[in-house]
Amino acid sequence: MTDEESGTPHWLFGDQLGPHFVDPARGGPHRGAPLVMIESRAVFRRRRFHRAKAHLILSAMRHRAVELGDRVRYVKADTYRQGLREAVGDAPVTVHHPTSRAARDLVDALPAVRVLPARGFLVTHDEFRTWADGHGTKHLRQEDFYRWVRRTHDLLMEGDRPVGGTWNLDHDNRQPPPRGATELGVPAPYRPRESDIDAEVRSDLDRWARDGDVEFVGEDAPRGFPATRREALAALRRFVEHRLATFGAYEDAMLTGDATMSHSLLSSSLNLGLLDPAECVERAEAQWRSGGVPLNSTEGFVRQIAGWREFVWHVYWYFGPEYRTSNALGHHEPLPDWFTELSSDATGANCLSRVLDQVRRTGWTHHIPRLMVLGSFALQRRWEPGAVTDWFHRSFVDGYDWVMVPNVVGMSQYADGGRMTTKPYTSAGAYIDRMSDLCGPCRYKPSVRVGEDACPYTAGYWNLLHLHRDRFEHNARMSRAVRGLDRLTDLGELLEQESDRRD
């Protein structure tokens with residue numbers, strides 16, 4: 001008789017909170033098997049997390065424990081090991097494949113723990129390994145993977161062809177915000193109502209901080225993201241029915257007065273395990289097939305989940321533990337205190353100040369501020385990529401190790417030298433000016449490279465190209481930009497200026 005059939009206790013980590021993690025028909029534990037959940041204080045001591053992130057995780061775990069009732073043994077302990085001993089002693093337990101290497105190493109080191117396959121993703125580890133091994137291990141590309149997932153899962157397909165005749169509608173999904181608009185004018189995203197559990201969590205976090213046991217950064221405003229399956233489904237429904245239609249065209253745009261634009265805000269629910277990716281992409285496709293939304297919006301959303309999210313998860317495991325320490329560009333500058341403290345007043349760059357302020361208040365921004373404001377700035381300042389990765393992990397409500405290592409090391413900081421992307425994702429200020437309304441009130445001018453009005457992104461961009469010219473001039477997607485260095489008559493002044501810049 002297997003562990004699942006015998007009713008062996010099953011351990012649920014805090015990001016395994018949806019029904020698909022306890023469904024025996026999907027490889028989960030026996031229907032009557034007791035469940036174990038462990039709230040480890042050491043997790044919050046290990047990193048200085050955003051207060052809103054800590055609140056969301058604990059709220060979601062405690063809400064789930066209430067839902068499971070007498071079936072679950074919920075233990076508050078100093079460490080996972082201590083909590084497991086208190087819950088089951090030396091008895092065997094099962095657990096689904098954890099989402100971090102540290103957690104996987106822990107369960108592998110515990111003799112009585114049997115690891116079941118991962119849940120919460122469309123593609124299994126074995127399936128990805130077979131695909132990746134067929135493409136070589138030096139460079140993997142999300143576009144190739146995305147098309148393969150679309151075919152194998154029959155997503156937005158007509159027979160063996162993509163609907164509409166093309167796989168990628170990015171060219172329709174890069175529009176700047178409407179001219180003169182201060183907000184996109186779409187229905188607001190779903191926002192949950194706090195419960196007594198949230199009040200309890202907030203009280204506990206206050207006490208931990210007051211006692212000096214745990215330190216946080218950022219603010220813990222009323223909880224802004226789902227903590228239960230019911231809330232997550234409501235958020236998914238509101239997005240698909242009221243916001244998906246305008247998502248595609250403006251998914252790369254930014255507006256000062258509209259931090260969420262048409263984004264789904266579902267990443268934290270997916271990463272807590274409250275939603276399954278299959279149900280998200282299937283609902284989006286059904287909405288398109290009913291005529292409710294344009295194809296470019298649906299394809300853009302499906303690409304984010306079935307393409308990028310899946311790719312990042314598997315790259316994290318496939319490239320091995322050494323991937324996280326990649327530093328192909330040799331960047332070693334420390335993160336300044338004002339950045340780690342989310343001090344938006346410490347920089348004169350309006351875009352950076354606004355985005356840091358949003359992160360401080362909410363623990364969230366959409367992907368373009370993350371990539372082209374925060375990540376691009378870190379890359380241009382040559383901050384150590386491991387420290388940048390840790391900052392993103394700690395500062396975002398949807399940030400987990402598996403999420404941030406590939407996204408930051410690979411995409412944002414190009415520290416892997418191009419193993420998962422074709423170019424560094426950075427730009428001069430002109431990109432931010434074109435895609436937002438952030439540059440107008442800024443003290444810096446996006447077209448100016450040198451002097452008091454010089455935009456730190458514009459000057460930083462050319463400085464970065466100069467520093468890594470030998471590498472970038474051989475990159476097909478960067479060579480033209482690198483040749484532009486030869487047309488800069490003020491390059492010497494720019495390089496001297498950037499050696500002293502602090503913001």
Side-chain angles (χ1 to χ4, degrees), residues 52 170-192 218-219 221-225 235 238-268 292-294 296-297 300-301 304 342-377 395-398 425 427-448 453 455-458 503:
D170 272 358
H171 62 280
D172 295 327
N173 291 353
R174 293 174 175 166
Q175 293 186 31
R179 186 177 296 275
T182 57
E183 57 184 32
L184 205 52
V186 300
Y190 171 85
R191 294 297 188 188
E219 298 176 7
R223 176 168 57 82
F225 300 89
R238 182 162 182 81
F239 170 69
V240 169
E241 295 178 1
H242 301 288
R243 295 167 59 79
L244 176 59
T246 49
F247 167 70
Y250 302 113
E251 68 173 290
D252 285 2
M254 299 175 281
L255 282 170
T256 303
D258 194 343
T260 60
M261 302 294 278
S262 280
H263 290 269
S264 72
L265 281 72
L266 297 175
S267 54
S268 62
V293 297
N296 66 301
S297 285
F301 180 65
Q304 281 195 339
L342 307 178
S343 299
S344 57
D345 294 336
T347 174
N350 185 57
C351 62
L352 183 57
S353 176
R354 292 280 185 172
V355 172
L356 278 176
D357 180 65
Q358 186 187 354
V359 176
R360 177 180 56 80
R361 289 184 291 105
T362 69
W364 183 89
T365 65
H366 71 75
H367 67 281
I368 293 301
R370 298 190 199 201
L371 184 64
M372 302 306 294
V373 177
L374 298 170
S376 179
F377 191 85
S395 301
F396 283 83
V397 294
D398 54 7
Y425 281 83
S427 73
Y431 174 85
I432 298 173
D433 192 27
R434 182 171 70 254
M435 298 302 295
S436 77
D437 62 353
L438 293 163
C439 294
C442 186
R443 59 166 287 197
Y444 301 121
K445 306 304 178 188
S447 61
V448 177
D453 294 336
C455 171
Y457 287 88
T458 301
D503 72 338

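Tyr444 approaches Gly348 most closely through the heavy-atom pair CE1-C, 3.6 Å. Scanning both residues, Ala188 and Arg238, for their nearest heavy atoms gives O-NE, 2.5 Å. For the residue pair Gly429 and Cys455, the shortest heavy atom distance occurs at CA-SG, 3.9 Å. Across all non-hydrogen atoms, the minimal contact from Tyr431 to Met372 is CE2-CG, 3.7 Å. When all heavy atoms of Phe225 and Thr362 are compared, the pair lying nearest together is CE1-O, 4.0 Å. Closest heavy-atom contact between Ser395 and Leu342: OG-CD2, 4.4 Å.
Under the side chain to side chain contact (heavy atoms under 4.5 Å, CB included) criterion, Arg174 pairs with Asp170, Asp252, sequence neighbours left out.
Checking side-chain atoms of Gln358 against main-chain N and O of Trp364 turns up a donor-acceptor pair under 3.5 Å. Judged by distance alone, the side chain of Arg243 and the main-chain N or O of Ser264 form no donor-acceptor pair under 3.5 Å. Between the side chain of Asn296 and the main chain of Asn173, no donor-acceptor pair closer than 3.5 Å is present. Ser268 places no side-chain N or O within 3.5 Å of a backbone atom of Asp398 that could act as its donor or acceptor partner. In terms of modelled atom types and a separation under 3.5 Å, the side chain of Ser297 and the main chain of Leu244 share a donor-acceptor contact. Under the 3.5 Å distance criterion, the side-chain polar atoms of Thr458 are matched with a main-chain donor or acceptor of Pro446.
A 4.5 Å side-chain heavy-atom check between Arg191 and Leu265 finds at least one atom pair inside the cut-off. With contacts defined as side-chain heavy-atom distances shorter than 4.5 Å, the pair Phe396/Thr365 qualifies. At a threshold of 4.5 Å between non-hydrogen side-chain atoms, the residues Ile432 and Cys439 count as touching.
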Would Gln304 and His367 count as a side-chain contact (heavy atoms from CB on, under 4.5 Å) if you check the C-alpha gap in whole Å, the side-chain angles of each, and the deciding distance to 0.1 Å?
CA-CA 10 Å; Gln304 281 195 339; His367 67 281; 3.7 Å; yes

What's the verdict on side-chain contact (heavy atoms from CB on, under 4.5 Å) for Leu374 and Leu356, showing C-alpha distance, side-chain angles and the deciding distance?
CA-CA 8 Å; Leu374 298 170; Leu356 278 176; 4.1 Å; yes

Could you go step by step and tell me if Arg354 and Asp357 meet the salt bridge (charged side-chain N to carboxylate O under 4.0 Å, His left out) rule?
CA-CA 5 Å; Arg354 292 280 185 172; Asp357 180 65; over 6 Å; no

Going through the distances and angles, do Val373 and Tyr457 end up as a side-chain contact (heavy atoms from CB on, under 4.5 Å)?
CA-CA 9 Å; Val373 177; Tyr457 287 88; 3.3 Å; yes

Side-chain donor-acceptor distances from residues 253-263 under 3.5 Å, at least two apart:
unit_1 : atom_1 : unit_2 : atom_2 : d
Thr256 : OG1    : Asp437 : OD1    : 2.9
Asp258 : OD1    : Met261 : N      : 2.9
Asp258 : OD2    : Leu184 : N      : 2.8
Ser262 : OG     : Thr246 : OG1    : 2.6
His263 : NE2    : Glu251 : O      : 3.2
His263 : NE2    : His366 : ND1    : 3.4

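How far SG of Cys351 is from CE of Met435: 14.0 Å, rounded to the nearest 0.5 Å.
Using the six-membered ring where Trp is involved, Phe247 and Phe301 have ring planes that are perpendicular, over 60° apart on the 30 and 60° scheme.
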